[in-house]
Every structure is written in structure tokens, then in C-alpha cells.
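Not measured: the values here are computed from a predicted model.
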Amino acid sequence: MATAGKVIKCRAAVAWEPNAPLVIEEIEVGPPQEGEIRIKIVASSLCHTEIYHLFEGKDKRGFPTVLGHEGAGVVESVGPGVTDFKPGDKVIPVSVAQCGECRFCKSPKTNVCDRNWINYHVDLMSYPTTRFTCRGRPILQFTNTGTFSEYIVINRIYVVKIHDDAPLDRVCLLGCGISTGYGAAVNTAGVTPGSVCAVFGLGAVGLAAVMGCKNAGASRIFAVDINEQKFEKAKVFGATDFLNPKAYNKPISEVLAELTNGGVDFSLECVGNTEVSRMYLLSCIKGWGVSVLVGYTDVDFSARPIQLISGKTWKGTLLGGFKIKDSLPKLVNDYMTGKIMLDEFITHKMDLEQINDAVNLMKTGQCIRCILNISK
């Protein structure tokens, strides 16, 4: 392409500081270096992790930054040493790496990668080096992606090539939230046919967890949320029972124990509120219950050892346990063949210039997923 090897000027939504509106700016995006790819982002969704970083995170070192990490686009150019991608490829950039060479990538037990940015720079929520500049200042790429920009540069170990016919304004959702919730059920929890599950929090991640429980063959799926307006949507994804914790004068874990003769087989926490993390574990049956922490946060939580000694298991999940290069192309194909749902998560569509409206919708819980048209 004519732009290969050159600096590209394009639009991006820049978060200059926390607790402030994003600003549509013209930024400069440098050419890809060794092992890197420059991608034209076509569509991106907004995830609650952006809201957490913008309004709830405590570290100002992660600014200025370009947010966005659920995007999809087309390869514009590749840097030296990149042989597995070419201009024109449809791709999904992901915040989780798969280098294929470290001991974790070589193990079937995990999707953790030794080269992932989060191992070294969680304070910044980004690599400190960046190909973005604006007004003479370097701009971070949030979670190493920064998909609220028309172009990004990212190392090939974070990029997944997908089917040429994949609709980018749908499969972008697989870059984080949907894969995380779905995989938390089918991979991390290992939901089994005939089991009883409870999913706490019915945002996009929670709804994807419901879908995972359903596809794994769960016989009963409790959808738990304080917003009862979300129950109808949860039913679409396979939920069978619906509970509002505020409707009871006892802990919801006790309610679930009464309704299930001791507790659920699998509980999935998709809220990110550590003040009630123990409740999710208590909701599981003793002996074999499994509870999975899915919601992202970075604060302390606690439990009593006896709650684990009784035979319960407490686990966490990163991107639902999916190794990105091995699994995301398959998830794209599963969507295209009707095995998983994506369209049903989308409640709003907007242009990049409406980014602050999208942020407000997500912050106030008025949308599940909003698709942003990034490139004109």
C-alpha cells in the first residue's frame, strides 16, 4: 500500500487524563518495526475495562492513552520479519499474546504468555513504548491495542488472522468480553452436561457466560443481577432462572443453596466487585463446586480456608482460557455457522465522534455492547 513505511495521520479518541471526556484528535501512527503489524481498524466495541481505567483506576501513569481493545480490521502493512500476515488480511488484535515459544504457550494447561504486556506493565495498562504520538507527546495504546484509533501498530504475537468473509463489526466482540465470558464457562469452569450453574452479573461478559453454560449442556442456569431489565436478554442466551439479590433479606448464596439442595455446581462471577467475591464461592456446593472469577479488577479480596478445604475450587480466567491464535479463528467460524451468538449482544451502533455518548451508556449500564464505526 502507498502508506507502507510512512507515518500515517489519522483520527483517534484520546483519553488525556482520568475522569475526563475523550477528545477526537489527529494523531500520528508510526510504521511497524521488527515483528509488528499496522492495522486499519474498521470497528471496535466498548468494554467495561475502559470504564474501569477511565473512572475507577487509581494510577494516572496510564495516561494519556487511546482506549479500546475489542477491535477488528485489515492489515495495512507489516514490519521486518513478519511472514504470517500480509496487507489485506482481516484480523483481530487482542490484548492477550500467544508467542508460541514460551513454556506457557507450549503448555495446554493455560493461555498465559510470558511475553504478555500485563506481566510487566499493569500499572500503565500498556507497554511504555508506543507508535502513537499527538501534539508532540507519546500516547499509550491501552492494553497494547488502542482500537479507538483508525490505525494501530501491534506485535504479531497479539494478532489473529480470521476468515475473509467475517463481518468485522460483529467479530470484533471476540477480542475480549464475549470470548472471556464464554470461555470462562466452557474452558475454565469446565461446565458439564446436566450441571447447575449461576452467573453473577448480566453485562456482555455475563451473558456470554450464560451462553457458554447453555452450549456446554447445563440443565439449569441461574442469572443473577440487581437490574431485572436484563433478565429477558439473559433468557435469549439460555438462562432458566432469574434472581435479584435485592429482592431477598438474606445473602443470595443462601437463596441459591435452598433452591439447589446445597449450592450450584458452577458459579461464574462477571461483576468485578471484590466486596462480594466470597459470595460467589459460597454459592457453590461443597465437595465439587467450582467458582470462577471473571470480572477484571486489581484490589484485594478474601475467603476463609474452610470454604476451600470442604472441596470447593476457586479459579480465575484470562480471556476465557482461549489461546488466541489457536481458538479465535474457530470462534469466528462458530459465529458464522450459528454455533455462538454475537449480534444479540449489540444494543447500539455509533460513529467514533460519538465516543463519549457510548462511554456514558456503558458507565450507566444502558447498553450491553456498542459498536463504533472507526474508519470511514
With heavy-atom distances below 4.5 Å as the criterion, would you say the side chains of [X] and [Y] are in contact?
X      : Y      : value
Thr192 : Asp265 : no
Cys113 : Val96  : no
Val290 : Cys284 : no
Val294 : Thr180 : yes
Val159 : Phe85  : yes
Val224 : Pro245 : yes
Val75  : Lys86  : no
Thr3   : Ser77  : no

Connected via hydrophobic side-chain network under 4.5 Å: [X] and [Y]:
X      : Y      : value
Tyr280 : Tyr248 : yes
Leu174 : Val74  : yes
Val160 : Leu168 : yes
Met125 : Tyr120 : no
Leu282 : Leu259 : no

field: Partners meeting side-chain hydrogen bond (donor to acceptor under 3.5 Å, both in side chains) with Glu70 (sequence neighbours left out)
entry: Ser45, Arg369

Lys/Arg N to Asp/Glu carboxylate O, [X] vs [Y], below 4.0 Å:
X      : Y      : value
Arg170 : Asp343 : yes
Arg156 : Asp84  : yes
Glu28  : Arg131 : no
Lys106 : Glu101 : no
Glu76  : Arg38  : yes

- prompt: Do Leu54 and Leu22 pass the side-chain contact (heavy atoms from CB on, under 4.5 Å) test, and can you show the C-alpha distance, the side-chain angles, and the key distance before you say yes or no?
  reply: CA-CA 10 Å; Leu54 194 58; Leu22 307 185; 4.1 Å; yes

task: Let me know which of Ile368, Val236, Val199 forms a side chain to side chain contact (heavy atoms under 4.5 Å, CB included) with Leu207.
output: Ile368

Regarding [X] and [Y], do their side chains bring together a donor and an acceptor under 3.5 Å, going by distance alone?
X      : Y      : result
Thr145 : Thr143 : yes
Glu228 : Asn244 : yes
Asn187 : Tyr182 : no
Gln307 : Trp314 : no
Gln98  : Asp326 : yes

Taking all non-hydrogen atoms of both residues into account, name the closest pair between [X] and [Y] and its distance.
X      : Y      : value
Ala12  : Val66  : CB-CG2, 4.2 Å
Lys161 : Val91  : CA-CG1, 4.0 Å
Ser219 : Thr240 : O-CG2, 4.3 Å
Ile226 : Lys246 : CG2-CG, 4.0 Å
Ile157 : Ile324 : O-CD1, 3.5 Å
Cys102 : Cys99  : N-SG, 3.3 Å

Side-chain donor or acceptor of [X] paired with backbone N/O of [Y] under 3.5 Å:
X      : Y      : value
Glu258 : Val255 : no
Glu150 : Arg11  : yes
Lys90  : Asp164 : yes
Asn356 : Pro21  : no
Asp225 : Lys230 : no
Thr364 : Asn360 : yes

- prompt: Do Asn215 and Met211 pass the side-chain contact (heavy atoms from CB on, under 4.5 Å) test, and can you show the C-alpha distance, the side-chain angles, and the key distance before you say yes or no?
  reply: CA-CA 6 Å; Asn215 285 5; Met211 179 171 68; 4.2 Å; yes

- prompt: Around Asn19, counting heavy atoms of other residues, nucleotides and ligands shown, do more than 12 lie under 6.0 Å from its CG?
  reply: yes

message: Please check if the number of heavy atoms outside Leu361 that lie under 6.0 Å from its CG is greater than 12.
response: yes

CA sep, side-chain torsions, deciding dist, call: Glu344, Lys233, salt bridge (Lys or Arg N to Asp or Glu O under 4.0 Å): CA-CA 8 Å; Glu344 290 79 2; Lys233 180 67 78 169; over 6 Å; no

- prompt: Are Ile37 and Val153 close enough, and set up right, to give a side-chain contact (heavy atoms from CB on, under 4.5 Å), and what steps lead you there?
  reply: CA-CA 6 Å; Ile37 300 170; Val153 175; over 6 Å; no

How many angstroms lie between atom [atom1] of [X] and atom [atom2] of [Y], to the nearest 0.5 angstrom?
X      : Y      : atom1 : atom2 : answer
Glu26  : Cys134 : CD    : SG    : 8.5 Å
Leu328 : Lys323 : CG    : NZ    : 13.0 Å
Leu331 : Ile162 : CG    : CD1   : 11.5 Å
Arg135 : Ile27  : CZ    : CD1   : 12.5 Å
Thr130 : Gln141 : OG1   : CD    : 4.0 Å
Ser126 : His121 : OG    : NE2   : 8.5 Å

Trace of the side chain to side chain donor-acceptor pair (under 3.5 Å) decision for Ser267 with Ser283: CA-CA 7 Å; Ser267 72; Ser283 300; 5.7 Å; no

query: Taking it one step at a time, do Tyr335 and Leu173 satisfy side-chain contact (heavy atoms from CB on, under 4.5 Å)?
result: CA-CA 11 Å; Tyr335 163 68; Leu173 295 174; over 6 Å; no

- request: Go through the structure and list residues passing ring pair (Phe, Tyr, Trp, His ring centres under 6.0 Å) with Phe63, not counting sequence neighbours.
  value: His53

query: Relative to Phe55, does Lys363 satisfy both conditions: NZ or CZ under 6.0 angstrom from the six-membered ring centre, and within 45 degrees of the ring's axis?
result: yes

message: Angle between ring planes, His69 versus Phe142, binned at 30° and 60°: parallel, tilted or perpendicular?
response: perpendicular

- prompt: Given a cutoff of under 4.5 Å between side-chain heavy atoms of I, L, V, M, F, W and Y, with clusters grown through shared members, what are the other residues clustered with Trp288?
  reply: Ile285

